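The structure presented is a predicted model; accordingly, all values stated were derived computationally and were not measured. In what follows, chains are A, B, ... by sequence order, proteins preceding strands, each numbered from 1.
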2 protein chains.
Amino acid sequence: MYFECSGNVWLTQGFVKRLRRDTIAFMTRPNPAVAQSATLAEIAREAGVSAPTVSKVLNGRADVAPSTRTRVEELLRHHGYRRRRAEASRSPLIDLVFHELESAWAMEVIRGVENVARDEGLSVVLSESAGRLTPGRTWADQVAARRPHGVVLVLNGLDESQRALLTSRSIPFVVVDPAGDPGDDVPSVGATNWQGGLAATRHLTDLGHRRIGVISGPSRMMCSRARLDGYRAALDTAGLPVDPALIRDGDFHHESGYRAGLDLLKLPDRPTAVFAGNDLQALGLYEAARELGLRVPEDLSIVGFDDLPVARWVGPPLTTVRQPLTEMAEAAARLVLDLGRGERPSAATRLELSTSLVVRSSTAAPSGEGRAARFGAGS
Amino acid sequence: MYFECSGNVWLTQGFVKRLRRDTIAFMTRPNPAVAQSATLAEIAREAGVSAPTVSKVLNGRADVAPSTRTRVEELLRHHGYRRRRAEASRSPLIDLVFHELESAWAMEVIRGVENVARDEGLSVVLSESAGRLTPGRTWADQVAARRPHGVVLVLNGLDESQRALLTSRSIPFVVVDPAGDPGDDVPSVGATNWQGGLAATRHLTDLGHRRIGVISGPSRMMCSRARLDGYRAALDTAGLPVDPALIRDGDFHHESGYRAGLDLLKLPDRPTAVFAGNDLQALGLYEAARELGLRVPEDLSIVGFDDLPVARWVGPPLTTVRQPLTEMAEAAARLVLDLGRGERPSAATRLELSTSLVVRSSTAAPSGEGRAARFGAGS
DNA sequence: GCTTGCATCGCGAATGTTTCGGGTTGTACT
DNA sequence: AGTACAACCCGAAACATTCGCGATGCAAGC
């Protein structure tokens, strides 16, 4: 066995032993200047409580009076307390918290985090923040209690108190596809949604479409807005007007794609193509088109977003913007682990992986217009 | 707060306190007859080693001489050692181990386990057993190290040594949809696959189909075989011959459904209906049918199995056999937790949830035959 | 033969954690 | 006012686990 000593210097056992004997254990004594910070017991004494109480504070147990808790926390912070034994008391875990555990979307992310975790010998803890837990205990409490190496969050919003909790326990975290304001100084990983929306729409304008509808995601989510703006930019570039009547809101689920689709397709001057916002909404749109007897892509071109596995499997295979969800999750996991090792600048990192258009068979030139169909439906 | 006392009797705090005061703590003393089994320290003394050494044995650390290890293990077994404090030294976790983390299938199972876990204040640890870990450490080692309340397994096979490891750490486990021999005395949760295959096929015979193909799953998996046998039984009941030419093997993935579908549909006397074995294969079959210009359900009826969310979303919506994956996973999770509490007879439990046919729009009466189509394709 | 290098094994002491009984306080009911 | 009760809070003691070191044994080199 070897001993690692301050970074990259390795000492053999024999050397250490000789050194210790020769120097009469002078150098190997814990150096008070480097200050192994106080022990739990010392903190306790100073705070005028018992060791178990301090332990409880550290572990976020419930039965500590708020006043005591703050006093102890103060002292802990002041002393820069660190568990003396067992810095390995971080569990070999990485937490993955979804706001809502649904759809194939989540699966891709899970896979990505799983991959990285396995490489690092860690396991993945999955939780959903939406449903309520035992009252008083949020996901953050549970996460803090198990001391994982890091947390990957897929949330709509990050509560300030939860964030403080993680920070105080020095558990690093990264947000995937954050919905919040971009002003946040939270490290995050996303995709180039704007460019994706642009590419999707430009693909349609390039095919010759002039009336292009869009079903946007929830407007509170940044990614929806970015995609929508990409759509607008593409229309603008092509010299086409942005018609508010062709813009519909959805919630990224199948059902809303169906409803918004019916709306759009029943317009007197219906669009010949629709950018569906995501793949699930695109599937809903398929259904609406079927119901109205419209053929895809002959009568209606459709572009999705995400490139879920199912996009390849539906009929006709869906043209969509590939969002590298698995890679994004991998990047997030790696980033959070690096943060834990202190290997990254603490400057908030914002990583954006690029999207790419995947052309399949759900898009074609508009048939009813002046220009003849230029492309067939073949894949 | 209430105190539970031996099963269903609940005592109020006041009552307990009064009792304790009045009886001068006589009755509430730990009863030596109920024998809190030996502590770690006692075991250590008896074995002639120190407490830390026993601790290491318990936790499977490496640095214990084999002879010492066996001696201590012997004593532990002999005394029926149990952690005295901290029966809660089980982490508030429940492990969920997949052989392969793929497809929407897994997502449903995850959701089910998640639901139960949240109710119980536990978190879910997800792992995949297929890829290799750091050499020498299998999923079972990791699971054993974190002492979860239970393990839900979704595996093809359960290694004997891994099983022994879990048993020796008294970590209960349950297998979902086991692929192995039914002779196993492992508690498990499944679905009525045979009945499902029967119902799917009978639905087709009832519609008037006479040539019904089937794309089976991997034959080593019990569920595939059960579904196939259900298919056979249904044909038999309807007085139809079982034509081996109409039976194809798949691997439950989209691609194999496509290939097998092409095979079947190119037969000179092609089937008018196919039971696709599962939903993914049904989607592959859709694609094959599209490619050959066959309409579903007019020219070809298709029945799937599983009822994944996507089954509702494809065009036409897929008639399929609903397998209550989420409920199965919930049942498995509950079962494994009950096992951990010793609330179930140790007799191996085999739970089978029932499947049910969900008729959508991918099935109709055969059109080319004597009897006219009786049902339209509308949903 | 003696030293050196290295690995294995086990312990003492330090450290953190859990259990669970008891004190204190606030509240509702008599 | 008195009683009963439950919530809340804390600590002593019991307990498990880790750290660092020493002891021992083996093999190679001088």
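- Between A:I43 atom CD1 and D:dG11 atom C1' the separation is 18 Å, expressed in whole Å.
- Distance check: A:T39 OG1 to A:Y81 OH gives 7.0 Å after rounding to the nearest 0.5 Å.
- Closest contact between the side chain of B:T39 and the listed nucleotides D:dA16, C:dG16, D:dA12 involves D:dA16.
- In this structure A:S123 satisfies the side chain to side chain donor-acceptor pair (under 3.5 Å) test together with B:Q142, B:R146, sequence neighbours excluded.
- Side chains of B:E46 and B:H79: a donor-acceptor N/O pair is present below 3.5 angstrom, by distance only.
- Regarding A:R45, its CZ atom lies at a distance of 13 Å from the P atom of C:dG16, rounded to whole Å.
- Residues forming a side chain to side chain contact (heavy atoms under 4.5 Å, CB included) with A:P172 (at least two apart in sequence, or on another chain): A:R90, A:V336, A:L339.
- For the pair A:L40 CG and D:dA12 P, the computed distance is 14 Å after rounding to whole Å.
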Hey, what are the protein-to-nucleotides 8-10 of chain D N/O distances that come in under 3.5 Å?
unit_1 : atom_1 : unit_2 : atom_2 : d
D:dC8  : N4     : B:Q13  : NE2    : 3.3
D:dC10 : OP1    : A:T68  : OG1    : 2.3
D:dC10 : OP2    : A:A65  : N      : 2.7

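- Under 3.5 Å, the side chains of B:H149 and B:E120 contain no donor-acceptor pair of N or O atoms.
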**Q.** Worked verdict on A:R118 versus A:E114 for salt bridge (Lys or Arg N to Asp or Glu O under 4.0 Å)
**A.** CA-CA 6 Å; A:R118 198 146 23 126; A:E114 222 310 290; 3.1 Å; yes
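- Taking side-chain N and O atoms only, A:Y81 has a distance below 4.0 Å to OP1 or OP2 of C:dG16.
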